[in-house]
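Computed from heavy atoms alone, side chains included, the values below leave out hydrogens, waters and symmetry copies.
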Amino acid sequence: MTIYLYYYEGCSVKETAAAMGVKPSTVQTWLQRARARLRQTLLEEEEGNDDVRPQRVP
């Protein structure tokens with residue numbers, strides 16, 4: 001829900017916190033954790049699949 005409100009609906013951290021009934025610092029923590037989790041998932045997929053990126057054509 002945090003990701004949806006912040007990125008897809010364009011709510012600020014403060015607005016997201018109000019909508020969810022939590023402190024803004026909690027929203028910031030959740031966003032930070034979500035970004036870290038996404039970063040880790042993307043790195044794992046990149047390591048497991050060598051042909052993920054298309055090769056450049058000169």
Side-chain angles (χ1 to χ4, degrees):
M1 182 59 88
T2 306
I3 298 297
Y4 177 78
L5 289 173
Y6 186 78
Y7 286 106
Y8 292 94
E9 292 296 325
C11 295
S12 67
V13 169
K14 191 175 182 178
E15 292 168 334
T16 302
M20 299 182 70
V22 297
K23 295 178 182 179
S25 61
T26 302
V27 171
Q28 289 174 325
T29 299
W30 289 346
L31 289 170
Q32 183 179 12
R33 289 177 184 170
R35 290 181 195 117
R37 188 172 181 181
L38 176 59
R39 187 177 302 112
Q40 185 61 39
T41 300
L42 292 174
L43 286 173
E44 287 171 3
E45 283 190 19
E46 188 176 279
E47 290 172 359
N49 191 356
D50 291 337
D51 59 359
V52 172
R53 295 183 184 179
Q55 293 183 4
R56 290 187 176 179
V57 178

Checklist entry - Please walk me through it: do Y6 and L31 pass side chain to side chain contact (heavy atoms under 4.5 Å, CB included)? => result CA-CA 9 Å; Y6 186 78; L31 289 170; 3.8 Å; yes
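- Among pairs with a residue in residues 26-43, those fulfilling side-chain hydrogen bond (donor to acceptor under 3.5 Å, both in side chains) read Y7-R35, Q40-E44, at least two apart in sequence or across chains.
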Using residues 9-18 as the side-chain source, report each donor-acceptor pair under 3.5 Å to any protein atom, sequence neighbours left out, with the distance given to one decimal.
unit_1	atom_1	unit_2	atom_2	d
E9	OE2	Y4	OH	2.5
S12	OG	K14	N	3.4
S12	OG	E15	N	3.0
S12	OG	E15	OE1	3.4
E15	OE1	S12	N	2.8
T16	OG1	S12	O	2.8

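- Under the 4.5 Å side-chain contact rule for hydrophobic residues, M1 and V27 share a cluster.
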